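Before any comments, here is the structure.
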Amino acid sequence: VKSSWIARISKDPFRLFFPVGWICGVAGVVSWVPFAWMTDPFYPGGFHAVLMSRAFISSFVLGFLMTAIPRFTETETARPSEWGIGIISVLAVIIAAFWGRTPVASALTLAQLIIVLAFIVRRFRARRNNPPGSFLFVAIGLLLGAVGSGVELISGIEGFNSDSWLDSNWLLLARLFSFYAMVLALVLGVGARLFPGILGWSEIVQAQRKQYERPVPFFESIPGDLRIAMPIFLISFFIEIFVQESLGRSIRACVVTYVAFRYWRVHRAPPKKSWMNRALLASAWCIVVGEWLSAVFPDWGLDGKHIVFLGFSLVALLVAARVTLAHGDGLHCESRAWPYLPVTIFVFLAALGRTGVHWTPGDYFPHLAYAAILWLVGAFIWGSFFLRRLRARQN
Ligand code: HEM
């Protein structure tokens with residue numbers, strides 16, 4: 001029984017990572033609720049940020065990549081040592097976040113990223129097929145995350161005088177890489193291949209497959225427009241930090257908008273009509289609009305940026321939903337409004353509420369708590385439907 005369980009997780013690592021990710025998301029957001037009303041609470045800012053970016057999103061990313069990469073490259077499935085170390089590192093992040101050990105959490109994130117990069121490189125070398133060309137963004141995203149958490153780790157080591165070689169701008173850039181750039185790059189890279197497939201734009205998918213399913217070096221399989229978009233995307237972070245915040249963000253918003261229109265066709269009704277697809281388009285719009293708002297109104301700070309973060313959370317939940325159904329009950333549930341419509345509505349309301357706190361400085365923390373509750377309702381509806389469907393099936 002034990003070995004068949006291990007074999008099933010090796011084949012479908014998402015069955016382990018998605019539930020753990022869901023628990024991390026709930027724990028990371030729920031912390032704002034008691035904080036608003038307790039008399040002597042612990043401020044959950046650091047705990048929340050670490051848990052959301054390094055445990056919630058990371059688990060969904062690890063689960064997705066460890067499941068998808070072997071299939072795309074037609075190589076071996078995840079080894080127990082690979083997913084085992086991956087899941088231990090996620091659990092260790094939770095403990096490090098709880099004890100406020102940010103450098104330890106950075107070290108663990110770095111370890112996670114090295115594991116996943118090694119996982120990809122091993123399969124990439126043995127590949128019988130190229131992965132989709134847009135996965136260039138996945139590789140760059142993981143590298144950005146590794147650089148960001150590496151710099152944060154070094155600067156956070158006690159007694160280390162970061163001023164001697166790192167000024168605060170480089171640290172800001174590292175934070176931007178590890179908390180946000182990595183996830184955005186992953187959404188663009190995975191989304192450019194996955195979203196058109198889910199939405200039913202079969203001609204886009206066929207053109208992509210024709211380009212990457214060929215015995216050519218991977219670089220040749222990358223679409224020309226993404227080869228141009230990648231350096232612009234990278235430069236935008238440096239411009240944001242070192243030249244002008246709004247300019248850097250606007251350049252990046254242009255790249256995101258380009259991918260959203262060209263590959264996700266957010267401006268068109270998708271050929272496949274389903275509640276899943278409406279929800280996916282809503283999450284895409286959440287990210288596009290959030291990027292532009294944070295470019296045009298940089299003074300909204302993290303309050304504005306959370307529109308993008310909540311968009312990421314919706315994408316993670318929806319991609320996980322698709323993977324779960326595709327490897328289980330089948331996709332017929334996607335045509336039903338439940339749970340897609342309420343999950344989307346609650347995440348949207350949470351996004352509005354989370355950004356809205358910017359205008360309620362007097363009641364900042366209670367409003368954070370209301371936004372958190374809205375997100376949690378959405379997450380629980382998702383969990384009530386998908387968690388039991390994630391259980392490994394007997395074959
Ligand atoms: C509605 C629920 C949410 C609330 C009330 C909330 C609240 C907050 C607050 C107040 C901060 C600032 C903490 C500080 O600097 O002390 C923060 C930071 C952060 N949040 Fe959230 N958040 C929510 C949802 C999310 C979600 C769903 C994600 C990720 C998918 C996320 C990711 C982050 C990250 C990465 C940071 C740190 C960003 C940085 O410092 O650069 N949050 N959140």
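No experiment lies behind these values; they were computed from the predicted model shown. Just so you know, ligand 1 is whichever comes first in the structure, and atom 1 is the first atom listed for that ligand.
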### Task
Could you pull out all residues at least two apart from Glu213 that satisfy side chain to side chain donor-acceptor pair (under 3.5 Å)?
Arg209

Pairwise, report which nitrogen or oxygen atoms of ligand 1 are under 3.5 angstrom from protein nitrogen or oxygen atoms, and how far apart they are.
residue	atom	partner	partner atom	Å
ligand 1	16 (O)	Tyr43	OH	2.6
ligand 1	20 (N)	His48	NE2	2.9
ligand 1	20 (N)	His306	NE2	2.9
ligand 1	22 (N)	His48	NE2	2.8
ligand 1	22 (N)	His306	NE2	2.8
ligand 1	40 (O)	Arg175	NE	3.1
ligand 1	40 (O)	Arg175	NH2	2.7
ligand 1	42 (N)	His48	NE2	2.9
ligand 1	42 (N)	His306	NE2	3.0
ligand 1	43 (N)	His48	NE2	2.8
ligand 1	43 (N)	His306	NE2	2.8

### Query
Are the aromatic rings of Phe14 and His327 close, with centres under 6.0 Å apart?
yes

### Query
Are the ring centres of Phe135 and Phe72 closer than 6.0 Å?
yes

### Message
Test your reading of the model: is there a side-chain donor-acceptor pair from Trp285 to the backbone of Val266, 3.5 Å cut-off?
### Response
yes

### Residue pairs involving residues 269-281 (criterion side-chain hydrogen bond (donor to acceptor under 3.5 Å, both in side chains); sequence neighbours excluded)
none

Could you go through residues 233-244 and list every donor-acceptor pair under 3.5 Å that involves a side-chain atom there, pairing it with any protein atom two or more places apart or in another chain?
residue	atom	partner	partner atom	Å
Ser236	OG	Phe233	O	2.6
Ser236	OG	Arg252	NH1	3.1
Glu240	OE1	Arg252	NH1	3.3
Glu240	OE1	Arg252	NH2	2.5
Glu240	OE2	Arg249	NE	3.1
Glu240	OE2	Arg249	NH2	3.4
Gln244	OE1	Leu247	N	3.1

